[in-house]
Amino acid sequence: MTVAVARNPYATNVADSLIAAAGRLGVPVRPVDLPSLRLGIGPRGEEAVTDSAGRVAADSLAPYLLFGFPAAVHALRALARTTHAQNPVDGVLLADDKAAAAYRLARSGVPQLRTEICPFDAGQVTAVAAEIGYPVVVKRAHGAQGRWVRRAESQEALAAALAELAPEGPGALIVQPEVVECAGASIRAVVTGGRLLAVTERQATAPEWRSNIAGGAVQRRAELSGEEGELVRGATAALGLGHAGVDILRTRQGPRVLEVNACPDFTSMQPHYEADLGEAVLRASG
């Protein structure tokens, strides 16, 4: 069995961990360069998936981060036709689009934070924020590691946040209430092979308020309640994912899904677990 591991330069930790795990397990691996990945279609419909190293051939496809490389979608669709993958391309695209994911979760009855999906229009966003009530969180529908997520305690702060987000161009914006009782804490649950792999509680470090590890948050091992476990299973099923990271906020009204990631960075969770998480993901991907 040869496993294809797509390497996204925006976030290399997971791919590097999976390639290293393949080496320990003696599993042949085909690293895939996502920026150069392309699909060739011949005059009779024949397909060829290639990257900078040549033709890509594999028996399975490990979880991957698509963000930043939309052309790779078509190559991965073709590759998925002849390989086993925990996550279908459509599921990854859903998770990558926070607005689409929120709509799918709602249709599936999965509890989540109140979410307003707006055009990038200052007047509309300001009106929605006033309706929700400050403080609010505003974010782009696409993005990772909290790069395009901003907090606003007032209309003036919201205007400044929109100015910071504007250089990325047009697109959908998501406006949500800030859950102040969480005080910068969230739960990250990682599922692989459809089973719970690891859970940690993440806590932002002041002055940062986002609980992203890339932004300096600290974490500790945690356990899910029965209700939270059902929430994680419901969220992954709604998006059609076998491997995912589900972020949960423990609100006064009960647990709520914050977002779902199709290729969560589980490597920062490894110090809190004796079992090798990379090997577990690789085995589930075979």
Side-chain angles (χ1 to χ4, degrees), residues 11 65 67 91-92 94-118 128-129 132-133 135-152 161 172-191 196-205 208-220 222-225 227-239 241 243-266 268-269:
L65 176 68
F67 173 74
V92 175
L94 264 176
D96 282 355
D97 184 338
K98 295 179 178 65
Y103 180 67
R104 181 63 63 87
L105 292 174
R107 290 294 301 272
S108 300
V110 178
Q112 60 185 312
L113 293 186
R114 176 181 177 180
T115 299
E116 300 287 340
I117 303 167
C118 311
V128 167
I132 291 173
V136 297
V137 173
V138 59
K139 63 181 82 171
R140 283 190 168 274
H142 293 85
Q145 300 177 339
R147 289 187 184 97
W148 295 293
V149 180
R150 298 293 185 272
R151 175 180 178 271
L173 285 183
I174 291 172
V175 186
Q176 297 172 318
E178 182 186 13
V179 184
V180 293
E181 66 263 28
C182 290
S186 67
I187 300 296
R188 163 66 62 88
V190 175
V191 171
L196 190 64
L197 177 68
V199 183
T200 59
E201 181 178 20
R202 300 176 165 204
Q203 178 65 56
T205 303
E208 180 56 69
W209 59 277
R210 292 165 293 194
S211 57
N212 300 91
I213 298 300
V218 297
Q219 64 184 328
R220 63 180 181 85
E223 300 292 334
L224 296 180
S225 68
E227 184 179 5
E228 290 167 346
E230 287 298 320
L231 198 62
V232 169
R233 286 187 285 274
T236 54
L239 301 189
L241 300 172
H243 177 84
V246 182
D247 291 345
I248 295 173
L249 294 183
R250 289 172 167 166
T251 78
R252 293 192 183 99
Q253 291 73 39
R256 297 288 185 268
V257 171
L258 177 61
E259 62 181 56
V260 181
N261 298 283
C263 190
D265 185 355
F266 57 81
S268 68
M269 305 167 82

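These numbers come from the heavy atoms of this one structure, side chains and all, not from hydrogens, waters or symmetry mates.
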Nearest non-hydrogen partners of Val199 and Ala189, listed with the distance: CG2-CB, 4.2 Å
Set of residues satisfying side chain to side chain donor-acceptor pair (under 3.5 Å) with respect to Arg256, sequence neighbours excluded: none
Partners passing side chain to side chain donor-acceptor pair (under 3.5 Å) against Glu230 (at least two apart in sequence or in another chain): Arg233
Gln112 side chain to Leu105 backbone, donor-acceptor under 3.5 Å: no
Minimum heavy-atom distance Ser186-Ser211, with the two atoms named: OG-OG, 2.7 Å
Side chain to side chain contact (heavy atoms under 4.5 Å, CB included) evaluation trace for Val246 with Leu231: CA-CA 9 Å; Val246 182; Leu231 198 62; 5.9 Å; no
Geometric class of the Trp148/Phe67 ring pair [parallel <30°, tilted 30-60°, perpendicular >60°]: tilted
Nearest heavy-atom neighbours spanning Ala235 and Val260: CB-CG2, 4.0 Å
Check: Gln219 side chain, Ile213 main-chain N or O, donor-acceptor pair, under 3.5 Å: no
Residue from Arg114, Arg151, Arg150 passing salt bridge (charged side-chain N to carboxylate O under 4.0 Å, His left out) with Glu178: Arg151
Interatomic spacing from CG in Leu239 to CG in Leu94 - rounded to 0.5 Å: 5.5 Å
N/O donor-acceptor pair under 3.5 Å between Glu208 side chain and Arg210 backbone: yes
Point-to-point distance, once rounded to the nearest 0.5 Å, from CZ of Arg104 to CG of Asp97: 11.0 Å
Heavy-atom pair of closest approach, residues Ala11 and Leu65: CB-CD2, 3.7 Å
Pairing residues for Gln176 by the side chain to side chain donor-acceptor pair (under 3.5 Å) criterion, not counting sequence neighbours: Thr115, Lys139
Between CG on residue Leu196 and OG1 on residue Thr236, distance to nearest 0.5 Å: 10.0 Å
Stepwise side chain to side chain contact (heavy atoms under 4.5 Å, CB included) check, Arg140 with Leu173: CA-CA 5 Å; Arg140 283 190 168 274; Leu173 285 183; 4.0 Å; yes
Check: Met269 main-chain N/O paired with Thr200 side-chain donor or acceptor under 3.5 Å: no
Passing option when Val218 is tested against Gln203, Arg202, Glu201 for side chain to side chain contact (heavy atoms under 4.5 Å, CB included): Gln203
Minimum heavy-atom distance Leu249-Cys182, with the two atoms named: CB-SG, 3.9 Å
Closest approach of Thr205 to Gly216 (non-hydrogen atoms, all atoms of both residues): OG1-O, 3.1 Å
His243 (side chain) donor-acceptor with Val191 (main chain) under 3.5 angstrom: yes
Rounded distance (nearest 0.5 Å) linking atom CD1 of Ile187 with atom CG of Leu258: 11.5 Å
Stepwise side chain to side chain contact (heavy atoms under 4.5 Å, CB included) test for Val149 and Trp209: CA-CA 11 Å; Val149 180; Trp209 59 277; 3.7 Å; yes
Flag if over 12 foreign heavy atoms under 6.0 Å of CD, Glu223: no
Side-chain donor/acceptor of Glu116 to backbone N/O of Ile132, under 3.5 Å: no
